[in-house]
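Here's the structure, in structure tokens; my notes come after.
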Amino acid sequence: MNNKEIIEMTEDHVMHTYARYSVAFVEGHGARIKDADGREYLDFLAGIAVSNLGHSHPNVIEAICSQAHKLIHTSNLYHIEPQSRLSKLLCENSFADKVFYANSGAEANEAAIKLARKYFSGADKPRHRIISMEKSFHGRTMAAMAATGQKKVQEGFEPLLEKFQYVPFGDIDAISAVIDDKVAAVMIEPVQGEGGVNLPPEGFFKALRKICDEHGVLIILDEVQTGVGRTGKLFAYEHYGVEPDIMTLAKGLAGGVPIGAMLASDKVAAAFTPGSHASTFGGNFLSTAAAKAVIETILGEGVLENCNKVGAYLTEKLNALKSEFDFITEVRGKGLMVAMEMTVPGVEIVNECMERGLLINCTAEKVLRFLPPLIITEADVDEMIGILKSVLEEL
Ligand SMILES: Cc1ncc(COP(=O)(O)O)c(C=O)c1O
């Protein structure tokens, strides 16, 4: 099928919940992806921070294929070897002691919210309130949507799950003003993704950990977008020198195979007992085998080093554009989660880049977002900058 045929069939039969571009991709390798008409694109979006090792990484293909030949599904009624192995790997490389598996970021966050409620449910005074951030994004299911501090995500789905309270991201005084011993958790992204690649001020997470400890409040860290090497560390909290109580992962964890994970310390995880929570597909053979290959590749093949090196190069090149174009106001980010904020809307720029064979993204209206595979080279950055610059010049 070509692009046109695929698009027509989608329009006829798939619910219209996405404003899709008029293209269907059919093949990808590394940072290159090809559409159904045979046109090649340079991918600086990676399926929105999913294909962190690039498209069709050989280690991921090998893990999926060899597992598929052996066994694809049993159930969480039984033990699952790749799930055990992945959990050991995740716990050995993070603050966490235990993992629960789901199938997406929203589901991982649902599990985190349930765990925080359950943790306080047996207390003399159960806690129900959760403080989350304005401009946050935690997913589209009912609890994750209620946690999301964006009206446009929630409109039309009220009444929302109660007890969420929103404060400006990175504002420790705003949190101090509302935190008390009725709050179960503060839910927060280490760097806001959909909200515009917003970084917290220096020292914010240390101050947050302190204030949460003073009030016995849990920190739920949503690393769905920042996790799995995206910011140049395996997990973004490592930049801040503090540990959360609960962390959620999804997107890049299994290289594109659906997965969600909710990790917690033993103390908190103990609140979940048989029957507390479950998922038929959560932690299945294929996704956990793929995720194990992803984590091993990130830790063993210099991927984080490349992410930091090429991330710094990308930031430098975008800053050079900033000094040329006065409508660019700021370049910010960590590792290969980078944004360029402008005074003009970004949609047209994204469309024009696509016409010229480059995939980038716009979020929060005026923020161009770059989330390439972590294996890109400086030559890929030069090519991307060349296309972007030609588009900006014509604006
Ligand atoms: C920080 C964050 N949390 C949660 C989600 C939701 O993940 P999913 O789309 O897999 O449900 C996203 C998706 O963009 C995200 O960026």
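Order of appearance sets the numbers: ligands from 1, and atoms from 1 within every ligand. The first residue of the sequence shown is numbered 1, and numbering continues consecutively from there.
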Without hydrogens or angle criteria, can the side chains of His138 and Ser132 be said to hold a donor-acceptor pair below 3.5 Å?
no

Tell me, please, whether Tyr41 has Arg39 positioned over its six-membered ring: NZ or CZ under 6.0 Å from the ring centre and within 45 degrees of its axis?
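Yes, Arg39 sits over the ring of Tyr41.
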
In the hydrophobic cluster built from side-chain contacts under 4.5 Å, what are the other members alongside Ile130?
Phe100, Ile113, Leu115, Tyr119, Phe120, Leu161, Phe164, Tyr166, Met187, Leu218, Ile220, Ile246, Met262, Val268, Phe272

Under-4.0 Å heavy-atom contact with ligand 1, by part of [X] that carries it:
X	value
Glu194	side chain
Glu189	side chain
Glu107	neither
Asn109	side chain
Ala250	neither

Which residue supplies the protein heavy atom nearest to [atom], what is that atom called, and how far is it?
atom	answer
atom 11 (O) of ligand 1	Ala106 N, 2.8 Å
atom 10 (O) of ligand 1	Gly105 N, 2.8 Å
atom 16 (O) of ligand 1	Gln225 NE2, 2.9 Å

Look at atom 3 (N) of ligand 1 and find which of Ile188, Val191, Asp222, Asn103 reaches it with the closest heavy atom.
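Comparing heavy atoms across Ile188, Val191, Asp222, Asn103, the nearest one to atom 3 (N) of ligand 1 lies in Asp222.
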
Answer yes or no: are there more than 12 heavy-atom neighbours, outside Lys389 itself, under 6.0 Å from its atom NZ?
no

Does CZ in Arg129 sit with more than 12 non-hydrogen atoms of other residues, nucleotides or ligands closer than 6.0 Å?
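Yes, enclosed.
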
With atoms numbered from 1 as shown, which atoms in ligand 1 lie under 4.0 angstrom from a non-hydrogen atom of Val224?
2 (C), 3 (N), 4 (C), 5 (C), 7 (O), 12 (C), 15 (C)

Proximal ligand 1 atoms for Ser104, defined as those under 4.0 Å from one of its heavy atoms:
10 (O), 11 (O)

Could you please spell out the steps behind the salt bridge (Lys or Arg N to Asp or Glu O under 4.0 Å) verdict for Lys88 and Glu92?
CA-CA 6 Å; Lys88 182 167 186 280; Glu92 280 172 357; 3.0 Å; yes

What I want to know is whether Phe137 and ligand 1 share at least one N or O pair that is separated by under 3.5 angstrom.
yes

Taking a hydrophobic cluster as the set of Ile, Leu, Val, Met, Phe, Trp and Tyr residues connected by side-chain heavy atoms closer than 4.5 Å, whether directly or through intermediates, do Tyr101 and Ile64 fall within one such cluster?
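Tyr101 clusters together with Ile64.
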
4.0 Å heavy-atom contact, Gln192 with ligand 1:
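So Gln192 does not count as touching ligand 1.
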
So, for atom 7 (O) of ligand 1, does the protein have a heavy atom nearer than 4.0 Å?
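There is a protein heavy atom less than 4.0 Å from atom 7 (O) of ligand 1.
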
Describe, in one word, how the ring planes of Phe204 and Phe169 are oriented to each other, choosing from parallel (under 30°), tilted (30 to 60°) and perpendicular (over 60°).
tilted

Between Phe327 and Phe325, what is the ring plane arrangement, given parallel below 30°, perpendicular above 60°, and tilted in between?
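Tilted, since the angle between the ring planes falls between 30° and 60°.
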
